[in-house]
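Just the heavy atoms: all of them, side chains too, but no hydrogens, waters or symmetry mates, feed the values below. To find a chain, count down the sequence lines: A is the first, B the second, and so on, and within it residues start at 1. From a predicted model like this one, the values you see are computed outputs, not experimental measurements.
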Amino acid sequence: MFLDFVEGPLWYAAAAVFLVGVAWRLAAIARAGLKEDLSVPRTAGAPGAVATVFRRFLPHREFMRPAAFQMVAGYAFHIGLFVLVLFAAPHVEFIEQRILGFGWTPAPHWVFLLAANFAFAGLLLLWLRRMLDPVLRRISTLDDHIGTGLTFVVMFTGCMALFESHDFLRALHMLFVDLLLIYFPFSRLMHAFTFILSRGFTGATMARKGVSA
Amino acid sequence: MGKKSPEAAGRRRRMMYRALALMLAAVLLLPLVPYAVAYVGGITNPNPGADLWRQVRQRETPPEVRTQVRGVDTGVLINARGESWRQFRMEQLIPWSGWFLGGMLVAIALFYLLRGRIRIDKGRSGILVQRFTVNQRLAHWFMAVVFTILGLTGLVLLYGRFVLIPLLGPEGFSVTAAACKEIHNLFGPIFPLAVLLILFYFVRGNGFRGVDFKWLAKGGGLLGGHASAGHFNMGQKLWFWGTLLFGLSLVVSGLILDFPVFGQGRPVMEWAHFSHGIAAVLFIGGAFAHSYIGTLGMEGALEAMTHGTVDANWAKEHHDLWYAQMEAEGKVGAVPGQEAPASSGSPETAGG
Amino acid sequence: MARMKFLCDAERCIECNGCVTACKNEHEVPWGVNRRRVVTINDGEPGERSMSVACMHCSDAPCAAVCPVDCFYTTEDGVVLHDKDICIGCGYCFYACPFGAPQFPTAGAYGSRGAMDKCTFCGGGPEPDGSAEEFKKYGRNRLSEGRLPLCAEMCSTKALLAGDGDKVSDIFRERVTYRGIGTLAWGWGVAYGKGGVRQSSGLGGKASSTKE
Amino acid sequence: MSERFEQGVAALRRLMDARIVSYFSSCVHCGLCAEACLFYTETGDPKYTPIYKLEPMRKMWRQENTFWGKLGVKLGLTEPLAEQDLADWETLVYDSCTLCGRCSMVCPVGNDIAYMIRKEREGMVAAGYAPDGMKEATRRALEIGSPMGVTLKTLRATLKGVERNTGLAIPVDAQGAEYMTLFSSMEVVNFPEYIESIARIFAAAGVSWTISSEAFEATNSGIQIGDSKAAGELVGRVVSAAEKLGVQYVISPECGHAFTAIRWEGANLIGRPLPFKVIHILELLEQLREEGRLKLEGHTDIRLTFHDPCQIVRRGGVVEQPRQLLREVATEFVEMRDHGVMNWCCGGGGGVSANERAEPLRLQAFQRKKKQLDELGVETMVTACANCRIILEEGIEHYGMDVQVTGLTELLAEHLAGPAES
C-alpha cells in the first residue's frame with residue numbers, strides 16, 4: 001500500500017517532474033540567449049570551455065588553503081553521495097529493474113559503508129558551517145537549507161532501510177526520494193547539471209582572453 | 001672343541017621358537033592384565049572424560065579444539081562468559097543506568113527549581129567579545145549532532161524492549177530498532193572524527209591550572225563567592241577531558257563491536273560492550289548537564305556556540321581572567337564579521 | 001507436555017559431520033551459516049572426544065533474555081524459536097549463548113549482520129506450519145509433521161539424540177549404566193553388543209531394549 | 001515606482017543572458033568567493049561576499065526566471081526587486097568591488113561573478129544608483145573627452161615637455177602610421193614618464209606610430225560605471241579616429257580597464273568588429289623584444305616584484321609578457337605568493353578609485369597588498385597600470401611603507417640599449 005504508492009504512482013510522477021523540470025530549466029538557460037562575442041579571440045573558446053569544466057574540479061594552487069574546508073568536506077560529500085547513489089546494491093537493483101533494464105556490479109558492503117560515512121560527515125560539516133559561518137549565514141537562502149535537508153533526510157532514511165527487512169523503512173526512503181526528485185528542478189540542486197554550463201561559459205570567455213580559468 | 005651334533009642344534013632351534021612364541025603371547029596379553037584385574041577385583045576408575053568436561057565447562061585452560069565449521073568461536077564448546085555478560089547487561093547496566101540517567105534529569109530539574117536560570121547579574125552591556133571561532137563551533141556542533149544521533153539510537157536499543165515495545169508493539173519496535181541499529185552502526189565511524197575535531201580545536205586552554213582547583217573548591221561560585229576562571233573553567237575542562245576519555249573508550253569499543261569481521265571472539269566483544277555501555281551512559285549523563293547549563297541554565301551561554309560571541313558582562317562574571325586578557329589584547333568589542341544587531345547600515349533585506 | 005532436548009553422546013560421536021550435512025541440506029541453510037557443528041577436543045590424542053552442538057533450546061534461554069527486540073519465544077514443546085521479521089541482527093544473542101548457536105549471514109567484508117539464524121529443532125518459525133515462507137526463512141518444519149530433527153535421525157552412531165527430554169535422558173541413562181564408566185567402557189561388545197559389563201550385576205534387563 | 005527604477009529593471013531583464021541565468025542556477029552559496037575577495041578578507045564583514053553583492057540581480061533572476069519566484073511574486077509571497085534594494089546595494093556594488101575577477105577564478109561551479117557585477121551595474125546606473133564621483137567622471141569623459149578633464153591642450157602641453165626631455169618629435173595625427181597610441185589621463189597628468197618612455201622605445205625600435213588629437217583618451221568610464229551606451233560612445237570615438245588615420249593597430253596603454261574596454265568589449269559595444277587590432281603596450285614591447293627590435297642592456301640589481309593589474313593579467317590575458325620583459329632587466333625579480341591570474345587587486349580598480357566615498361574602505365582593503373609586500377620584503381614594485389600605480393602609491397603613503405612604485409615601460413626605457421639612453 002504505502003510502499004506500492006511511493007514506488008508506483010508517486011515514483012512515476014516524481015520522475016516525470018524531475019525530467020521535465022530539468023529539461024525546462026536547461027531550456028530556460030538556452031532561451032535566455034547569448035550575444036555573439038565580436039572581439040578577436042586569442043585562443044578558441046570551445047576547448048577552453050571543456051578544459052575549465054574539468055579544471056575547476058580542483059582549486060587553483062594558490063587557493064588550496066582558503067578552499068581546504070570546502071574541498072575536503074565537499075569532496076567527501078559528493079564522492080560519497082555519488083558512490084551511494086550509483087553503486088549501493090539496492091540502488092543497482094532498482095535501476096536494473098525499474099529504470100534501465102540493466103545493471104552493473106554494486107559496490108561491496110564496506111565500500112558502501114565508507115561512502116556513507118564520507119557523505120554524512122561531509123554533508124553535516126557543510127550544513128553546520130552554513131549555519132555557523134557569518135558569510136554563509138548571510139548568503140544562505142531557505143532553498144539552501146531545504147535542499148541540504150532533503151538530501152540529508154534521503155540519505156538518513158536510506159541508511160535506516162539498510163537492514164532491508166522492513167518495507168516501511170524502504171517506503172519511507174522512497175517517499176523522500178520522490179520528494180527530492182520533485183523538488184530538484186526548482187532548486188539549487190540544479191547545480192548538478194548547470195555547473196557544466198557555468199564552467200563552460202566562463203571557461204570559454206576566459207580562453208578567448210588567453211587565460212586558463 | 002667337540003663338534004656340534006645335529007640333535008643339539010635342532011633342540012636349540014625349538015627352544016628359540018618356544019621362547020619367541022611365549023614373548024609374543026606376553027606382549028599381546030600383558031596389557032589386558034589391568035582389565036583382568038579390574039574385572040576380577042571390581043575396581044572403578046574415575047571417568048577419564050571428567051577432567052576434560054570440567055575444563056570445557058569452565059574454560060580455565062581451553063582444551064585444543066578442532067571443528068570443520070569455520071568461523072568465529074566455532075571451536076568453543078561452552079562460552080562460560082556469556083552468562084556473566086548477560087548478568088551485566090540485564091541486571092546491572094540496564095537498571096543502574098536507568099536510575100543514573102533518570103537521577104541526572106531529576107537533579108537538573110531540582111537545580112533549576114532551586115537556583116533558577118543563572119542570569120547575567122549586571123545585565124547585558126551590548127559589547128561583544130569573540131569567544132569561539134567558526135571552526136571551534138563547527139567542531140562542537142558536529143560532535144553534538146553525531147553524539148545526539150548515536151546517543152538516541154543507542155538508548156533506543158538499550159531500553160526499547162522495556163519502554164517502546166509496550167508503546168509500539170513488537171513489530172513497530174522492530175522497525176524502529178532496525179533503523180536505529182543501522183544508523184548507530186553507520187554513524188559510529190563518524191564519531192572518531194568528531195572526537196578528533198574536538199581535541200584539535202579545544203585542546204588549547206584546557207590544561208589544568210591552580211585557579212581551577214580554587215574554582216572547584218568554590219563549586220564554581222555556587223557555594224558562595226566569585227570563582228575566577230580563564231577561558232575555560234574547571235567544569236568545562238573536566239568535560240573536555242571527559243569527552244576525550246569517554247570518546248576514546250567509545251570509539252575503540254564501538255569499532256570492535258561495529259565490525260565483527262576481524263575474527264574478534266565473544267570475550268573481546270563482551271569486554272567491548274561492557275566498556276561501551278558504561279562510557280556511553282556516563283557520557284550521556286554528562287551531556288544532560290552540559291546541555292542544560294549551555295542553554296536553559298545560563299543566560300548568555302548559548303550564543304557563544306551559535307554566534308561565537310559573548311556579552312562583555314557575561315565574560316566578566318564567568319571567565320574574568322580570560323576577559324582581562326582579552327581586554328589587555330584589545331579584543332573586546334572588536335568582532336570582525338559578526339552579524340551584530342546594529343551591523344553598520346548594511347542591507348538586511350536580502351536572503352530567503 | 002513434551003520438552004524437546006538434544007543430547008550428544010560424546011562416547012559415541014565419531015565426528016562424521018553427518019548431522020551438519022543433514023541439517024544444511026534439509027533446511028537449505030544459506031552460505032556461511034551452520035546451525036550445527038561438530039567440535040572435536042584433543043583431536044588425534046588419547047582421550048579425544050567429539051560432540052555435535054547446536055541450539056540446546058534452553059529452559060531459561062540467555063538469548064531470549066538479552067534480545068533487545070524480544071524476538072524469541074518458546075513453543076509448547078519447549079523449543080526456543082525466534083521471529084526473523086523482528087530480529088534486527090544485533091548479535092547480542094550470540095554473546096549470551098553458551099553454545100555459540102546463533103549465526104549471522106554476512107554480506108561480505110565489513111559484514112552487516114543479517115537476521116539471526118539458528119537451529120529450530122526442525123520446528124520452523126512463526127509462519128503457518130509448512131508454508132513456503134516458513135521454509136524460506138527457517139527451513140523445514142518436521143515437528144509439525146510429527147517427525148524429530150533430521151540430524152539425530154541421520155546420526156550413524158546414534159550419538160545424537162533428540163526428542164522429549166525425559167525419553168532422551170532415559171536412553172542415555174541406560175547407555176551409561178549399561179556400558180559402565182571409566183576403563184570398563186571399552187570394546188565392541190560393551191558399546192554395541194548384547195552382553196553388558198553390569199549385566200551380571202542385575203541391571204541387564206533394560207539393556208536389551210536399546211538393542212539395535 | 002519611479003521611471004528610473006523601471007529603466008533599471010528593464011536593463012537587468014535585458015541583460016539576463018544565458019550565462020547569468022546559468023550562473024544563478026549553479027550557485028550553491030558555498031561562500032568560497034568571500035575568501036577570494038580582498039574587501040572581505042581585510043574587513044571580515046560577510047556583506048562583502050562577492051555573490052552577496054549580486055542580491056538585487058539574483059532577486060531579478062528569481063522573479064523572472066524561476067518557477068517559485070514567479071509563483072511567489074504572483075501570490076504575493078515573494079517580494080519582487082524593489083527600488084530600495086538598489087539603493088541599499090549601491091555601496092556594495094560600486095565601493096566594494098573592483099571587478100578584479102578573483103572570485104570568478106575560484107568559484108567551484110565556475111560562475112563569473114565579476115561579469116555579473118559588471119552587468120548588475122548596468123541596471124544600477126540605469127536606475128540612477130551610482131556614486132557621484134563615477135557619474136561625474138563619466139559625464140566629463142563624454143563632454144570633455146576625459147574623466148579627469150584632460151583636454152587636448154593639456155596633452156599638447158605634456159607632449160611639449162616630453163619632446164623637450166627626449167629630444168624626439170612626437171607624431172600627432174600622422175596619416176598612415178602603423179600604430180595609434182592611447183593614453184590614460186593619469187599618464188598625461190601624473191606620469192608623463194610613460195609617454196617619454198614609449199617615445200624613446202618606439203624611436204629606437206623604429207615603430208611607426210602616432211597620437212590622434214581626436215581620441216587619445218584610453219580610459220572608459222562607461223565600462224566602470226556600467227553604462228554601455230556611454231562606453232560605446234567612448235569606444236566609437238577611438239574607432240573613428242583610428243579609421244581616419246588608417247592605422248593597423250591601436251595600442252592600449254598601461255591602464256587596466258582601458259585594455260578591457262577596447263580589446264574585449266570594444267567590438268561588442270559598437271556592435272561590429274573593430275577595423276584595427278588592439279594590442280597592449282606590454283604585448284607590443286615583448287613582441288619587439290622577440291623580434292630583436294627592442295634591445296635592452298644593463299640590469300637593475302634591486303630586489304623587485306611585479307604587481308599584476310587585474311584587467312591586464314587575469315581579465316586581459318597578458319600574463320607572461322610582463323614577466324619576460326622584467327626578467328630581461330631585473331636580476332632580482334621575485335614573485336608575490338599570489339601572482340599572475342591569482343594576484344590580489346590594489347583595491348582601486350573598477351572605478352573604485354574614482355569614488356571618493358570608498359576611500360576608507362579601499363585603504364583598508366589595501367592591507368592585503370601590504371601583507372604581500374611585507375611578506376616579500378621588497379622595496380620596489382613594478383606595475384603596468386596607471387590606476388594601480390596611483391592606488392599603490394596612496395596606500396604606501398597611507399601606511400608609511402618604504403616601497404617605490406614604477407611603471408614597467410619606464411623601467412624598460414631606462415635600460416634601452418644604444419644612443420637613445422640619455
Side chain to side chain contact (heavy atoms under 4.5 Å, CB included) assessment of A/L113 paired with B/F259: CA-CA 11 Å; A/L113 282 185; B/F259 300 112; 3.8 Å; yes
B/V134 vs A/P134 side-chain heavy atoms within contact, under 4.5 Å: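 Counting from C-beta outward, B/V134 and A/P134 do come under 4.5 Å.
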So what's closer than 4.5 Å to chain A heavy atoms on [X]: side chain, backbone, both or neither?
| X | result |
| --- | --- |
| B/N135 | side chain |
| B/V175 | both |
| B/L186 | both |
| B/T133 | neither |

Over all atoms of both residues, closest heavy-atom pair of B/E182 and A/C159: CB-O, 3.2 Å
Considering all heavy atoms, the nearest B/A178-A/L169 contact: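 Shortest heavy-atom contact: CB-CD1, 4.5 Å.
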Inter-residue atom distance [X].[atom1] - [Y].[atom2], 0.5 Å rounding:
| X | Y | atom1 | atom2 | answer |
| --- | --- | --- | --- | --- |
| A/L128 | B/H140 | CG | NE2 | 11.0 Å |
| A/F120 | B/I149 | CZ | CD1 | 7.5 Å |
| B/K181 | A/L162 | NZ | CG | 8.5 Å |
| B/L193 | A/N117 | CG | CG | 9.5 Å |
| B/L138 | A/M131 | CG | CE | 10.5 Å |

Within 6.0 Å of [atom1] in [X], more than 12 heavy atoms from elsewhere:
| X | atom1 | result |
| --- | --- | --- |
| B/F200 | CZ | no |
| B/R124 | CZ | yes |
| A/F54 | CZ | no |
| B/F191 | CZ | yes |
| B/F162 | CZ | yes |

Aromatic ring pairing A/F152/B/F187, orientation class (parallel under 30°, perpendicular over 60°, tilted between):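 Perpendicular.
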B/R137 (side chain) donor-acceptor with A/L132 (main chain) under 3.5 angstrom: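 Indeed, once roles are kept as given, a pair shorter than 3.5 Å links the two residues.
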Interchain contact, A/F69 with chain B, by part (heavy-atom threshold 4.5 Å):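 When you check distances to chain B, only side chain atoms of A/F69 fall under 4.5 Å.
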Worked check of side chain to side chain contact (heavy atoms under 4.5 Å, CB included) between A/L125 and B/L197: CA-CA 11 Å; A/L125 284 171; B/L197 287 176; 4.2 Å; yes
